[in-house]
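Single-structure report; data block below.
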Amino acid sequence: MTLRAGVLAVQGDVSEHAEAVKSAAETHGEGVDVVEIREAGLVPECDVLLLPGGESTTISRLIHREGIAPEIREHVAADNPVLATCAGLIVAARDAGDERVDTLDLLDITVERNAFGRQKDSFEAPLSVDGLDDPFQAVFIRAPVISSVGDADVLATWEDRPVAVKDGPVVGTSFHPELTGDHRIHDLAFFE
Ligand code: GLN
């Protein structure tokens, strides 16, 4: 089977996510067609979606301007998987704590942008993640803090803060799972 994976390509690590989803699919004997999403009309053809990092204010503005936002909401309403990372997580949240980010309300969480603190602008941490046997080396880059979780499952925490959550078909991480060559988070989001 060939999976059609849409990567929101208005900003962020598009090729790294494409590689991660391809390598996750390979271990399941599946092929992947990667579609870069920059305009409306493509999301409805995708089986799974990736919302990469970047700048959440910019991503939010573009998906609303281009008419992509309602298509992403419909994709999730039809129970299709999404992996939202870092700025993608902020855009997918119920509340981003910043009026410049018009969120998609796909994850029942509130977030605080750039809230891990200046000395921790970027850091790596070995996380134990629900559903993974061994720790996942997570790369955090100006990452959001998940400040409250409503009706969603916490998959991982770092220093007592949730950093990976699942709400129905949507998995969100405050870190960048596409940067280490370890595709287990993509696997968890799309093939488990
Ligand atoms: N700091 C960015 C924001 O608030 C997110 C950073 C990232 O995606 N690495 O939108």
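Counting starts at 1 for both ligands and their atoms, following the listed order. Every heavy atom of this structure was used, including side-chain atoms; hydrogens, water molecules and symmetry mates were not. Keep in mind it's a predicted model, so treat the numbers as computed, not measured.
Listed here is the closest heavy atom pair of A25 and V32: CB-CG2, 3.2 Å. Across all non-hydrogen atoms, the minimal contact from K22 to V34 is CE-CG2, 4.0 Å. Between F190 and P81, the shortest heavy-atom contact is CD2-CB, 3.7 Å. Pairing each heavy atom of C86 with each of I141, the nearest pair is SG-O, 3.7 Å. The two atoms that bring A96 and T103 nearest to each other are CB-CG2, 3.6 Å, heavy atoms only.
Below 3.5 Å of separation, one finds an N or O of A87 facing an N or O of ligand 1. No N or O atom of C86 sits closer than 3.5 Å to an N or O atom of ligand 1. Inclusion of T85 in the set of residues having an N or O under 3.5 Å from an N or O of ligand 1 is not warranted. By the 3.5 Å distance cut-off applied to N or O atoms, T57 is not counted among the residues near ligand 1. The N/O atoms of I141, backbone and side chain alike, include one that comes under 3.5 Å of an N/O atom in ligand 1.
Of the protein's heavy atoms, G54 O, 3.5 Å lies nearest to atom 2 (C) of ligand 1. The protein non-hydrogen atom at the shortest distance from atom 3 (C) of ligand 1 is R113 NH2, 3.4 Å.
Contact atoms of ligand 1 toward S56: 3 (C), 4 (O), 10 (O) (distance under 4.0 Å to a heavy atom of the residue). Heavy-atom contacts of G53 reach the following atoms of ligand 1: 8 (O) (cutoff under 4.0 Å). Against a heavy-atom cut-off of under 4.0 Å, I90 is close to the following atoms of ligand 1: 3 (C), 4 (O), 10 (O). Remark: ligand 1 atoms within the under-4.0 Å shell around heavy atoms of H176 are 7 (C), 8 (O), 9 (N). Remark: ligand 1 atoms within the under-4.0 Å shell around heavy atoms of R142 are 1 (N), 2 (C), 5 (C), 6 (C). Heavy-atom proximity to N114, at under 4.0 Å, picks out these atoms of ligand 1: 1 (N), 2 (C), 4 (O).
A distance-only check finds a donor-acceptor pair linking the side chain of N80 to the backbone of H75 [under 3.5 Å].
With respect to L89, the side chain to side chain contact (heavy atoms under 4.5 Å, CB included) criterion is satisfied by exactly one of V163, I109, T173: I109.
Applying the salt bridge (Lys or Arg N to Asp or Glu O under 4.0 Å) rule to R73 yields no partners; only residues at least two apart in sequence or on another chain are considered.
Linking Ile, Leu, Val, Met, Phe, Trp and Tyr residues whenever their side-chain heavy atoms come within less than 4.5 Å places F191 and V7 in a single cluster.
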